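Report on the structure given below.
All figures in this text were calculated on a predicted structure; none of them were measured in a lab. We name chains A, B, ... by the order of the sequence lines, and we start the count at 1 in each one.
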Amino acid sequence: MKILCVAEKPSISKAVSHILSGGKTKVRNSRNKYVKNYDFKFDFPGVGLCDVTMTSVMGHITNIDFPTQFSWGRCNPGRLFDAPTIDNVSNKEVYENISNEARRCNRLMIWTDCDREGEFIGHEIFSAAVKGNPSLRVEDIWRSQFSHLERSHILQAARNPIRLDMNSVHAVRCRMEIDLRVGASFTRFLTDLYRRTQVFPLEKGGFISYGTCQFPTLGFVVDRYNRVKRFIPEKFWYISITVKKDNKTETFHWTKNHVFDRLYLALIYQNCLKNDNAEVVQLIERPTSKYRPLPLTTVELQKNCSMYFKMSAKRALDAAEKLYNKGFLSYPRTETDRFPPTMDLKAVIQKQTQNSTWGQYASELLNGKFRSPRAGSHDDKAHPPIHPVNFVKLEMLDNADEKKVYELVVRRFLACCSEDAKGKETKISLRWGAEEFTNSAIVVLERNFLDVYPYMTWKSTTPLPPLLKGETIKVASSVMKEGKTSPPQHMTESELIALMDANGIGTDATIAEHIDKIISRGYVVKVRKNKNDFIIPSELGMGLIEGFNDLEFDNLSLSKPFLRKRLENCLQEIVSGTKVKEQVVQEIIFLYKQAFGLSAQNSTKLIAACRRIMDANSST
DNA sequence: GCAAGGTC
């Protein structure tokens with residue numbers, strides 16, 4: 001019996017074949033320099049000792065497109081909603097390697113990531129294999145289930161294969177089709193429109209792209225920009241008092257915060273002033289803690305790098321990827337924020353004890369201070385949280401980005417395995433007349449994880465005066481103050497990542513690319529203000545979003561995340577079996593088609609919005 | 001020339 005095993009990426013095929021073979025593999029090259037074919041023997045239950053070849057693809061190997069008679073300029077863009085589609089081989093070397101290797105095999109075993117895209121890639125692998133070996137049948141495919149590369153887990157996966165989940169395959173196929181139809185039709189339509197009317201100077205060969213992810217991303221940026229620009233500060237008033245004891249003066253804050261009616265506040269204040277003293281109505285002393293961080297996901301890594309190092313999401317992921325390829329970090333694209341219970345966390349900590357800066361801390365964890373990491377609620381069932389897998393001295397790394405990312409991942413991991421920081425909070429409430437005023441103070445008692453995690457701060461505040469519950473104290477000073485509401489800030493990259501993540505726009509692997517895309521399309525720019533990077537829309541980006549906002553879509557706006565979210569929900573239903581692919585394609589395409597019709601009918605509005613933005617800008 | 005999703 002001969003079995004062909006295929007993983008989603010070269011690193012997995014290498015690791016898995018190493019485990020299954022007990023280190024005894026013969027390596028053959030393929031025509032692709034990254035993809036290797038490993039030959040070894042393995043005893044599959046019920047089948048016996050088999051000759052195994054393990055290889056991999058590199059992500060998708062086929063792609064979907066329109067036939068040439070529907071290529072750019074050859075048909076009305078609106079026809080792309082119903083045009084036929086064709087499958088193309090997008091990575092010929094890798095595709096043919098599968099066909100060749102399948103020729104001599106009786107069985108195919110899929111080792112792609114256990115997520116939706118992985119299931120589809122598994123099916124692509126099957127079609128490549130069938131090309132070389134028509135006797136293979138989809139029902140006979142073995143599909144291994146694994147979520148990390150720990151030895152016993154991989155052996156267990158090899159011995160207990162299940163079948164390919166065709167629901168997931170159909171869901172991905174559905175996403176691909178919708179993304180292509182919507183993206184291509186709107187891109188061609190908008191490009192034609194902007195060209196024809198010359199409302200905006202497009203570079204030669206330049207175009208206006210529309211995508212189901214890039215536009216909601218742009219929409220978030222424009223929305224925030226408008227809220228900042230249209231913000232009108234509002235005046236408010238509040239009372240603030242101070243009391244003095246043992247030569248310590250302390251300010252107490254009004255529990256009602258502030259009011260917007262000055263006369264109303266004056267009335268309250270007058271009533272308070274009838275009293276010379278305030279009474280301590282509450283004195284609470286309680287233990288408090290600052291939680292150690294959750295295990296690290298891709299999105300969190302990108303937000304952190306943007307916040308702490310002003311590093312773009314793309315650069316952060318690139319650096320993490322390089323570190324992964326060199327064997328220093330685990331797989332950097334993961335949504336999982338809980339470590340698998342079987343993982344040997346202490347072995348990971350052990351490797352970091354040799355570092356001169358945090359090695360001592362790592363040793364202390366091993367000598368009794370170790371705590372099990374908190375478990376978040378996300379699990380992509382494919383990859384563990386990002387963690388260091390091997391030790392490397394920072395000075396041995398290639399560039400500043402890699403050093404920063406490696407250090408962050410290590411410190412984050414050590415922090416995860418530490419105790420929360422502990423403190424004591426004191427809260428005092430005073431009643432003055434009918435109003436309450438409060439203040440609190442914190443004493444940090446044990447820093448714990450903070451010692452290894454300098455990115456977070458938690459400091460003791462100045463202690464409150466030694467007041468006792470029930471004590472009456474003279475109000476030393478009081479004042480009625482005026483303030484005004486402050487505008488929101490422009491969008492930071494880390495906020496944008498969080499928004500995309502929360503709204504299901506893009507995946508951990510693509511969020512950075514979508515942001516990069518709207519920058520390279522000229523829809524938004526990054527600006528630095530007070531040492532912070534903000535993302536603000538260009539005139540073109542504003543014009544596009546405002547144009548769509550001017551059209552009266554019934555709740556299916558092209559610049560908002562709702563349609564994409566609806567698609568995502570439908571895809572989930574295909575996976576769970578409550579909807580079929582054809583039904584979803586029809587349902588979602590119908591909505592986008594309606595939106596397309598409305599856009600085409602009202603193209604003058606789209607153009608007018610862009611003109612309006614440009615005129616407004618040139619006049620200021 | 002268009003999308004978004006894998007991965008290098």
What is the nucleic acid contact for A:Arg74, judged by heavy atoms within less than 4.0 Å: base, sugar-phosphate only, or nothing?
->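 It contacts nothing in the nucleic acid.
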What residues form a ring-ring contact (aromatic ring centres under 6.0 Å, His included) with A:Tyr95, not counting sequence neighbours?
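Result, ring-ring contact (aromatic ring centres under 6.0 Å, His included) vs A:Tyr95: none returned.
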Expected list for residues 189-197 of chain A: side-chain donor-acceptor pairs under 3.5 angstrom, two or more places apart:
{"from": "A:Thr191", "atom 1": "OG1", "to": "A:Thr187", "atom 2": "O", "distance (Å)": "2.6"}
{"from": "A:Thr191", "atom 1": "OG1", "to": "A:Ile208", "atom 2": "N", "distance (Å)": "3.1"}
{"from": "A:Thr191", "atom 1": "OG1", "to": "A:Ile208", "atom 2": "O", "distance (Å)": "3.2"}
{"from": "A:Arg195", "atom 1": "NH2", "to": "A:Gly206", "atom 2": "O", "distance (Å)": "2.7"}
{"from": "A:Thr197", "atom 1": "OG1", "to": "A:Leu193", "atom 2": "O", "distance (Å)": "2.7"}

(request) Kindly write out the residues that satisfy side-chain contact (heavy atoms from CB on, under 4.5 Å) with A:Asp550, not counting sequence neighbours, or none if the list is empty. (result)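 Residues passing side-chain contact (heavy atoms from CB on, under 4.5 Å) with A:Asp550: A:Ala609, A:Arg612.
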Protein-proximity profile, nucleotides 2-8 of chain B, B/S/- by nucleotide at the 4.0 Å heavy-atom cutoff, equals BBBBBBB
Could you pull out all donor-acceptor pairs under 3.5 Å where a side-chain atom in residues 118-132 of chain A meets a protein atom, sequence neighbours excluded?
{"from": "A:Glu119", "atom 1": "OE1", "to": "A:Arg143", "atom 2": "NE", "distance (Å)": "3.2"}
{"from": "A:Glu119", "atom 1": "OE1", "to": "A:Arg143", "atom 2": "NH2", "distance (Å)": "2.9"}
{"from": "A:Glu119", "atom 1": "OE2", "to": "A:Arg143", "atom 2": "NE", "distance (Å)": "3.2"}
{"from": "A:Glu119", "atom 1": "OE2", "to": "A:Asp165", "atom 2": "N", "distance (Å)": "3.0"}
{"from": "A:Glu124", "atom 1": "OE1", "to": "A:Ile61", "atom 2": "N", "distance (Å)": "3.0"}
{"from": "A:Glu124", "atom 1": "OE1", "to": "A:Thr62", "atom 2": "N", "distance (Å)": "2.6"}
{"from": "A:Glu124", "atom 1": "OE1", "to": "A:Thr62", "atom 2": "OG1", "distance (Å)": "2.6"}
{"from": "A:Glu124", "atom 1": "OE2", "to": "A:His60", "atom 2": "ND1", "distance (Å)": "2.6"}
{"from": "A:Ser127", "atom 1": "OG", "to": "A:His123", "atom 2": "O", "distance (Å)": "3.0"}
{"from": "A:Ser127", "atom 1": "OG", "to": "A:Glu124", "atom 2": "O", "distance (Å)": "3.0"}

**By side chain to side chain donor-acceptor pair (under 3.5 Å) - contacts of A:Lys593 (at least two apart)** =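 Side chain to side chain donor-acceptor pair (under 3.5 Å) list for A:Lys593, sorted by chain: A:Asp82.
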